[in-house]
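A quick write-up on the structure given underneath.
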There are 2 protein chains.
Amino acid sequence: MAKQAPFKPTESELEILQVLWQRGKATVREVHEELATVKDAGYTTTLKLMQIMHEKGLVKRNDSSKTHVYEANVSKEKTQQHMVGKMVNTLFEGSAGQLVMRALGTAKPSRQEIDEIQKLLDSLK
Amino acid sequence: MAKQAPFKPTESELEILQVLWQRGKATVREVHEELATVKDAGYTTTLKLMQIMHEKGLVKRNDSSKTHVYEANVSKEKTQQHMVGKMVNTLFEGSAGQLVMRALGTAKPSRQEIDEIQKLLDSLK
DNA sequence: ATTTATTTACGAAGCTTGTCGTATAATTGT
DNA sequence: ACAATTATACGACAAGCTTCGTAAATAAAT
């Protein structure tokens with residue numbers, strides 16, 4: 001039976017998940033190359049992190065060939081939901097509205113996003 | 001010169017900051033009592049955490065009397081801003097709008113909050 | 001075929017977090 | 001005054017994260 005993912009990815013694990021979500025499947029080498037454009041760590045570091053993530057159940061992998069192919073085992077949506085919920089609790093006293101206000105104050109969304117948000121808000125009323 | 005606060009409070013540190021933000025000033029005992037209603041850790045644990053937070057510059061303290069009085073040294077607003085920004089980057093590809101959509105999908109804000117958000121959105125257009 | 005390169009596996013070290021025990025100093029109660 | 005309580009300081013430890021070096025196995029290149 002597959003182990004239940006814990007849903008508390010660390011900073012580095014999130015970076016890796018980002019790549020996997022974006023690419024679907026990827027080898028350690030591919031993930032590492034992509035991270036290298038942003039970060040500065042050795043190949044074996046990325047490898048080790050992904051091995052640990054596999055033990056935790058955060059990713060699954062196909063090791064039928066010598067070069068293993070990895071894939072995220074937690075969805076982006078669920079992870080976002082979980083992390084946002086946690087943040088609302090620990091930093092915004094349970095108020096999603098407060099978080100929204102803060103987010104909008106920090107970075108202005110595009111016109112299109114604004115329209116989308118307004119549509120959603122209307123439907124919530 | 002006061003050390004610059006690092007702005008990456010841990011989970012436990014956030015719990016303590018929450019109490020300090022709410023009360024303004026508080027002793028270790030007071031913070032601990034309040035946390036004890038939610039959490040289960042010894043007094044010296046809270047003490048140690050607050051001492052470390054002091055070293056980091058996350059809190060300041062008045063130790064003119066035997067019982068030290070602590071106070072947050074980072075504002076709730078700045079901390080929220082920083083944490084939200086980080087989350088937008090690591091989980092939402094830099095899009096605040098996406099975070100907002102997710103937050104609204106997770107927990108419905110009150111009618112009053114919705115109105116507030118809409119007002120803010122209009123002003124952003 | 002032999003060398004070179006790639007990949008995984010493993011172990012270890014340094015750092016941070018969270019936990020607590022114990023010692024010491026100060027305060028309070030009787 | 002003496003005992004009991006309360007506070008700080010300090011050290012230590014387990015667990016987890018991140019880092020990397022090295023060894024062994026496989027694949028590719030010459």
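Convention: sequence-line order gives letters A, B, ...; per-chain numbering from 1. On a predicted model such as this, the values are computed, not experimentally measured, just so you know.
In this view, A:K39 and A:E15 satisfy the salt bridge (charged side-chain N to carboxylate O under 4.0 Å, His left out) rule, not counting sequence neighbours. Residues forming a side-chain contact (heavy atoms from CB on, under 4.5 Å) with B:A26 (at least two apart in sequence, or on another chain): B:L20, B:R23, B:E30, B:V31. Scored by the side-chain contact (heavy atoms from CB on, under 4.5 Å) test, B:T67 finds B:T27 as partners (sequence neighbours excluded). Scanning for salt bridge (charged side-chain N to carboxylate O under 4.0 Å, His left out) contacts around A:K108 gives an empty result, with sequence neighbours left out. B:T44 is linked by a side-chain contact (heavy atoms from CB on, under 4.5 Å) to nothing, counting only residues two or more places apart in sequence or in another chain.
Contact annotation: A:T10 reaches the phosphate of D:dT18 (side-chain N/O to OP1 or OP2, under 4.0 Å). Between B:K39 and C:dT19, a side-chain N or O to OP1/OP2 separation shorter than 4.0 Å is present. Close to D:dC17, at under 4.0 Å from its OP1 or OP2, lies no side-chain N or O of A:S12.
We find that CG of A:L17 is positioned 13 Å from P of D:dC17, with the value rounded to whole Å. Rounded to an integer number of Å, the gap from A:I16 CD1 to D:dC17 C1' is 12 Å. Nucleotide C:dG11 holds its P atom 14 Å from the CG atom of A:L47, rounded to whole Å. Taking atom CD of residue B:Q51 and atom P of nucleotide C:dT17, one finds them 15 Å apart after rounding to whole Å. Between B:K8 atom NZ and D:dC17 atom C1' there is a gap of 12 Å when expressed in whole angstrom units. In this structure, the CD atom of B:E11 is 11 Å from the P atom of C:dT19, given to the nearest Å. Whole-Å rounding puts the B:D63 CG to C:dA25 P distance at 17 Å. Between the OH atom of B:Y70 and the C1' atom of D:dA9 there is a distance of 10 Å, rounded to whole Å.
Under the ring-ring contact (aromatic ring centres under 6.0 Å, His included) criterion, the residue pairs touching residues 43-76 of chain A are A:H32-A:Y43, with sequence neighbours excluded. A ring-ring contact (aromatic ring centres under 6.0 Å, His included) check over residues 103-125 of chain B, counting only residues at least two apart or in different chains, returns nothing.
In the hydrophobic clustering (ILVMFWY side chains linked at under 4.5 Å, chained through shared members), A:V38 stands by itself. Apart from A:V100 itself, the hydrophobic cluster it occupies contains A:M101, A:L104, A:I114, A:I117, A:L120, A:L121, A:L124, B:V100, B:M101, B:L104, B:I114, B:I117, B:L120, B:L121, B:L124, where clustering links Ile, Leu, Val, Met, Phe, Trp and Tyr at side-chain heavy-atom distances under 4.5 Å.
At its two ends the helix from C:dA1-D:dT30 to C:dT30-D:dA1 runs along axes set 0° apart, each axis drawn from five pairs and the angle rounded to 10°.
A heavy atom lying under 4.0 Å from DNA chain D marks none of the residues of residues 23-36 of chain A.
Using modelled atom types, no side-chain atom of A:Q118 and backbone atom of A:D115 make a donor-acceptor pair closer than 3.5 Å.
Between the side chains of B:S95 and A:E113, a donor-acceptor pair is found at a separation under 3.5 Å.
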Taking protein heavy atoms under 4.0 Å as touching, what does nucleotides 20-25 of chain D look like 5' to 3' if B marks base contact, S marks sugar-phosphate-only contact and - marks none? BBB--B

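Taking 4.0 Å as the cut-off between side-chain N and carboxylate O, A:E13 and A:K56 count as a salt-bridged pair.
At a threshold of 4.0 angstrom between heavy atoms, the contacts of B:I52 with the nucleic acid are absent.
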